[in-house]
Amino acid sequence: MNHRDGILARTFRSDTHVKLHYETLGRGEPLIILHGLFGSGANWRSIAQRLADTWQVILPDLRNHGDSPHAPTNRYQDIAGDTLALMDRLGLARAHLLGHSLGGKAAMLLASRAPERIDSLTVVDIAPRAYPPLHLELFRALHAVPLARITSRREASEAMAAHIPNPAVRDFLLTNLARDGNGRFHWRLNLAGLEEAYEELNAMPFLDRLYEGPALFIRGGHSDYVRDADLGLIHQSFPRACVVSLPLAHHWPHVETPNEFLRALRDFLEARSERLPCEA
């Protein structure tokens, strides 16, 4: 057992991790980006392309998402363990870590349990607390698609419209729609598995230790995911955290205001966080 395998064994059960699908863009210090619920690494490709001039950006699909394996459990310790195992596969002793929403909770847990592997932590529009079930209509919309009968993505979108009027949200969910070798549609994500794990995913995993490394929390100014009341919770577990609000963004600031998002992220990663408008 080498040094990295030893860390994995001490922090997460190595026999439960899955081999994540991923893509890598650019060269430089490694930056791993963990996507949110119903997403995939491809959702972050445009951001990764703009960072690839100075960073090696690694975009994994989380378990039960994208092209990564389906697994019987979807706990945050599983997601964090998969990420640590991916770092070991890539020979990365350390990396910068960014997580959005569900991926942000997993990133917080990994930074708490294995801080010696994390150079910096960025969390996008999620706080270290439990959340109410905010995605029930999204699950209903996915179930509403008659996969055996539809012949086009347009038909799938129409089937979802009663539950999700916003076409942009439908388009996001439809990134999970794929065809098998016989041309039949199916969901790439493990819909049943994610639905079964949903209550646990709404909870917040216990953070064993403080993460005392540099941390950036980016929140959307029009989002309710990170409230003013959450700032104290953030600083309790991440004493060096800087919180930045992007006034025009909602829950997907990297999509809605990419220039402002990248400016804040680059300033932080390039160790210029003192220039950011951090909130107390």
Side-chain angles (χ1 to χ4, degrees), residues 16-25 33-49 57-76 78-79 82-83 86 99-106 124-125 131 133-202 250-252 254-256 258:
T16 62
H17 72 254
V18 302
K19 191 175 182 180
L20 299 179
H21 174 270
Y22 70 95
E23 65 175 310
T24 301
L25 294 84
I33 299 180
L34 306 182
H35 63 77
L37 184 64
F38 304 126
S40 69
N43 300 145
W44 283 83
R45 193 176 291 138
S46 62
I47 291 292
Q49 288 169 342
V57 187
I58 301 161
L59 303 176
D61 294 340
L62 304 186
R63 62 169 54 205
N64 295 316
H65 290 80
D67 292 322
S68 283
H70 291 187
T73 61
N74 208 91
R75 301 165 302 181
Y76 283 109
D78 298 324
I79 302 169
D82 293 343
T83 305
L86 175 61
H100 171 241
S101 201
L102 177 149
K105 283 189 177 182
V124 182
D125 211 54
Y131 282 79
L134 302 173
H135 304 86
L136 297 181
E137 281 302 299
L138 303 190
F139 279 112
R140 293 187 185 109
L142 292 167
H143 281 298
V145 178
L147 294 172
R149 298 198 305 272
I150 61 171
T151 60
S152 68
R153 302 177 75 83
R154 179 182 59 80
E155 292 179 7
S157 181
E158 290 171 354
M160 299 166 68
H163 297 281
I164 305 175
N166 188 332
V169 177
R170 297 201 302 271
D171 287 345
F172 164 69
L173 291 177
L174 287 171
T175 60
N176 293 291
L177 192 64
R179 291 183 187 267
D180 62 20
N182 297 313
R184 292 187 293 263
F185 282 108
H186 68 280
W187 295 118
R188 291 193 301 159
L189 53 72
N190 182 358
L191 180 57
L194 292 173
E195 202 161 23
E196 184 176 351
Y198 185 55
E199 183 176 353
E200 184 167 2
L201 293 177
N202 283 328
H250 294 79
H251 186 52
W252 294 275
H254 53 293
V255 175
E256 297 152 342

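All heavy atoms count here, side chains included; hydrogens, waters and symmetry mates do not. Note that the structure is predicted; figures quoted are calculated from it, not measured.
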Any side-chain heavy atom of [X] sitting closer than 4.5 Å to one from [Y]?
X: His143; Y: Arg140; value: no
X: Pro60; Y: Glu23; value: no
X: Val145; Y: Met160; value: yes
X: Asn166; Y: Arg170; value: no
X: His65; Y: His35; value: yes
X: Leu62; Y: Asn74; value: no
X: Val18; Y: Leu20; value: yes
X: Leu59; Y: Thr24; value: no

Considering all heavy atoms of both residues, which atom of [X] and which atom of [Y] are nearest to each other, and what is their separation?
X: Pro146; Y: Ala159; answer: CD-CB, 3.9 Å
X: Gly36; Y: Ser101; answer: CA-CB, 4.4 Å
X: Leu136; Y: Tyr198; answer: CD2-CE2, 3.9 Å
X: Ile150; Y: Glu155; answer: CA-OE1, 3.2 Å
X: Leu174; Y: Ala156; answer: CD2-CB, 3.7 Å

Quick check for you: to the nearest 0.5 Å, what is the distance between [X] atom [atom1] and [Y] atom [atom2]?
X: Leu189; Y: Glu195; atom1: CG; atom2: CD; value: 10.5 Å
X: Thr83; Y: Ile58; atom1: OG1; atom2: CD1; value: 10.5 Å
X: Ser68; Y: Arg188; atom1: OG; atom2: CZ; value: 9.5 Å
X: Leu102; Y: Leu34; atom1: CG; atom2: CG; value: 9.0 Å
X: Leu86; Y: Lys19; atom1: CG; atom2: NZ; value: 10.5 Å

Specify whether His100 and His251 have parallel, tilted or perpendicular ring planes, treating 30° as the upper limit for parallel and 60° as the lower limit for perpendicular.
tilted
Kindly say whether the aromatic ring centers of His254 and Trp44 come within a distance under 6.0 Å.
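Yes, they do, as the ring centres are separated by less than 6.0 Å.
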So, Phe38 versus Phe172, ring centres under 6.0 angstrom or not?
no
Using modelled atom types and a 3.5 Å cut-off, is there a donor and acceptor pairing between side-chain atoms of [X] and backbone atoms of [Y]?
X: Asn64; Y: Ala71; value: yes
X: Asp171; Y: Ala168; value: no
X: Lys105; Y: Asn202; value: yes
X: Arg153; Y: Leu177; value: yes
X: Asn43; Y: Ser40; value: yes

For the residue pair Asp61 and His21, confirm or rule out a side-chain donor-acceptor distance under 3.5 Å.
yes
Judged by modelled atom types alone, do Arg63 and Thr73 share a side-chain donor-acceptor pair under 3.5 Å?
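Result is yes, a qualifying pair exists.
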Step through the shown structure and confirm whether more than 12 heavy atoms of other residues, nucleotides or ligands are within 6.0 Å of CD on Glu196.
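Atom CD in Glu196 is not crowded, with 12 or fewer foreign heavy atoms closer than 6.0 Å.
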Using the rule given for side chain to side chain contact (heavy atoms under 4.5 Å, CB included), can you reason through Trp252 versus Asp125, listing the C-alpha separation, both sets of side-chain angles and the distance that settles it, and then say yes or no?
CA-CA 8 Å; Trp252 294 275; Asp125 211 54; over 6 Å; no
